[in-house]
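Shown next, in structure tokens, is the structure this report addresses.
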Amino acid sequence: MPEHSEPGLPPLPYDYDALEPHISEQVLTWHHDTHHQGYVNGLESAEETLAENRESGEFGSSAGALGNVTHNGCGHYLHTLFWDNMAPNGGGEPEGELADRIAEDFGSYEGWKGEFEAAASAAGGWALLVYDPVAKQLRNVAVDKHDQGALWGAHPILALDVWEHSYYYDYGPARGDFIDAFFEVVDWSEVADQYSTAVGHFE
Ligand code: MN
């Protein structure tokens, strides 16, 4: 693996049972150890293929590998953000500059939350709150898979995984119950840190 490659699977930032009863120990174990690990492995494998092809000068499998880098890379990065933006003592509402920015860009917290929940209900992958450095504003984005519907340049600061592996074992087809549960474990202080980092990076 090239030296500049991203490190492998980061550990969960809390115990596997830490988000119960909202997300079960079983789901977090499968989700982190099997699904997230799979995206890390897929990214590394695709990067190896690209490196081998550059070395050999045979690029027949490179376009497919580039697609695998995007799919697995976005899967890896979004899962890492998803774990980080939840916490056992989460919940409540944003405070400080993030709360002010949400009110400014969405009219109110309720206006943001209703729109985010609509994205989460409809998406075939993720609902994201992103900072758009071109328009210099927050936006909600509904993503299919890990990358379809992405907004170029935007930096995700809050991620909710609505793939079926994220909730079906705990909630069955009642995705709305899982979305409600997610809001009981959102770590708004982490989201505020992500927001500050994004704004500081781009402005
Ligand atoms: Mn997932």
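Worth knowing before you read on, the calculation uses all heavy atoms, side chains too, and leaves out hydrogens, waters and symmetry mates. First listed ligand is number 1; within each ligand, the first listed atom is number 1.
For the Mn ion (ligand 1), the nearest N, O or S atom contributed by His165 is named NE2.
Using cut-offs of 30° and 60° on the angle between ring planes, the pair Phe178 and Tyr171 is tilted.
We find the CD-CD distance between Glu44 and Glu48 to be 7.0 Å, quoted to the nearest 0.5 Å.
In terms of heavy atoms, Pro10 sits closest to Thr80 at CG-OG1, 3.9 Å.
Residue His35: no N/O/S atom is found under 2.8 Å from the Mn ion (ligand 1).
At the Mn ion (ligand 1), the vertex angle linking OD2 of Asp161 with NE2 of His79 is 100° (nearest 10 degrees).
Asp161 and His31 share a side-chain donor-acceptor pair at under 3.5 Å.
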